[in-house]
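Read through the structure below, which is laid out as structure tokens, and then see the notes.
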Amino acid sequence: MVCILSKTKWGGGYKVVRSSLKDGKDFFEYQPKEWDIFVSNPAFSLKDKVLERLYALGKPFVLLLPMNSLQGQKRFKYFENGIQLLCFDKRINYHTKSFISFDKGTPFASAYFCKDVLPKDLILEELCVYEKPLK
């Protein structure tokens, strides 16, 4: 699932324009008429393809990716043109597909990879753990 933010304000925040393959909206083909920021936790196996599309679109974005995504010949050509990181003091625990529980002890570090969103290129934060089901 993808959340695309539009500056059309809803009570002081951004309007979220949701897209999903379930809705017949393929990120690699679909684009809303008006949008400002792309936010997603993409399938890690598609990160190169997602980044290629995002840099081609030229819009700000926020992606939750493994830290080792910094390395890679395909990604390097995009990142050398600018990338921002929001990193944490501990690893993110990901919810399971049911969203009822989450996996503790994730074996890899994650960060938010951003373009033209953060006030500076590297931000380090304390991660507050949210241990409630999302449903």
Side-chain angles (χ1 to χ4, degrees):
M1 179 179 68
V2 170
C3 291
I4 300 172
L5 305 180
S6 170
K7 284 186 181 175
T8 305
K9 300 286 186 175
W10 279 4
Y14 284 91
K15 175 184 174 187
V16 176
V17 180
R18 182 183 177 275
S19 69
S20 169
L21 286 173
K22 291 179 182 179
D23 301 330
K25 297 175 182 173
D26 183 341
F27 162 72
F28 299 106
E29 299 171 9
Y30 169 75
Q31 182 177 331
K33 290 180 185 177
E34 293 184 36
W35 63 282
D36 299 291
I37 303 172
F38 178 88
V39 180
S40 183
N41 175 9
F44 298 158
S45 62
L46 297 176
K47 65 183 166 279
D48 290 335
K49 190 174 177 183
V50 168
L51 285 163
E52 179 180 17
R53 171 104 163 113
L54 288 171
Y55 277 91
L57 290 170
K59 295 271 197 162
F61 64 79
V62 177
L63 297 176
L64 183 59
L65 293 172
M67 281 296 294
N68 68 1
S69 298
L70 276 174
Q71 294 178 313
Q73 292 178 356
K74 288 183 181 180
R75 292 180 295 282
F76 181 81
K77 68 181 177 185
Y78 299 117
F79 293 165
E80 69 179 346
N81 292 318
I83 193 68
Q84 301 170 317
L85 291 175
L86 172 56
C87 302
F88 304 100
D89 63 333
K90 54 187 154 284
R91 293 181 178 179
I92 294 173
N93 293 319
Y94 290 86
H95 279 84
T96 60
K97 289 185 179 188
S98 67
F99 290 98
I100 295 171
S101 64
F102 57 93
D103 294 329
K104 285 189 177 180
T106 305
F108 56 89
S110 303
Y112 285 99
F113 287 64
C114 308
K115 177 89 167 100
D116 300 329
V117 175
L118 301 176
K120 58 185 183 176
D121 289 343
L122 178 62
I123 296 178
L124 305 171
E125 290 286 337
E126 183 179 343
L127 183 65
C128 297
V129 179
Y130 181 80
E131 295 188 5
K132 298 179 183 176
L134 294 178
K135 283 192 173 183

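The model shown is predicted, which means the values in this text are computed figures rather than measured ones.
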Of all heavy-atom pairs between [X] and [Y], which one has the smallest distance, and what is that distance?
{"X": "Leu63", "Y": "Phe61", "result": "CG-CD1, 3.9 Å"}
{"X": "Tyr112", "Y": "Val62", "result": "CD2-CG1, 3.5 Å"}
{"X": "Leu64", "Y": "Ser110", "result": "CD1-CB, 4.1 Å"}

Would you please name every residue forming a side chain to side chain contact (heavy atoms under 4.5 Å, CB included) with [X], sequence neighbours left out?
{"X": "Leu118", "value": "Gln84, Leu86, Cys114, Ile123"}
{"X": "Lys90", "value": "Glu126, Leu127, Val129"}
{"X": "Gln73", "value": "none"}
{"X": "Ala43", "value": "Ser45, Leu46"}

Does [X] reach the side chain of [Y], with side-chain heavy atoms less than 4.5 Å apart?
{"X": "Leu65", "Y": "Phe44", "answer": "yes"}
{"X": "Phe38", "Y": "Leu54", "answer": "yes"}
{"X": "Phe108", "Y": "Asn68", "answer": "no"}
{"X": "Leu122", "Y": "Cys87", "answer": "yes"}

List for me each residue that meets side-chain hydrogen bond (donor to acceptor under 3.5 Å, both in side chains) alongside [X], sequence neighbours excluded, and say none if there are none.
{"X": "Ser69", "value": "none"}
{"X": "Asp48", "value": "Arg75"}
{"X": "Asp23", "value": "Arg18"}

What's the spacing between Ile92 CD1 and Asn41 CG if we round to 0.5 Å?
-> 8.5 Å

Do you reckon Phe76 sits in the same ILVMFWY cluster as Phe113, going by side-chain contacts under 4.5 Å, direct or chained?
-> no

Answer yes or no: is there a donor N or O on one side and an acceptor on the other, between the side chain of Lys77 and the main chain of Lys74, under 3.5 Å?
->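 No, because the side chain of Lys77 does not come within donor-acceptor range (under 3.5 Å) of the backbone of Lys74.
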
Is it true that atom CZ of Phe28 has more than 12 heavy atoms of other residues, nucleotides or ligands lying nearer than 6.0 Å?
->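 Yes, because the 6.0 Å sphere around CZ of Phe28 holds more than 12 heavy atoms from other groups.
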
Partners meeting ring pair (Phe, Tyr, Trp, His ring centres under 6.0 Å) with Tyr78 (sequence neighbours left out) =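 Testing Tyr78 for ring pair (Phe, Tyr, Trp, His ring centres under 6.0 Å), a comparison that skips the adjacent residues, returns Tyr55.
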
Under the salt bridge (Lys or Arg N to Asp or Glu O under 4.0 Å) rule, what pairs show up with a residue in residues 109-125, not counting sequence neighbours?
-> none

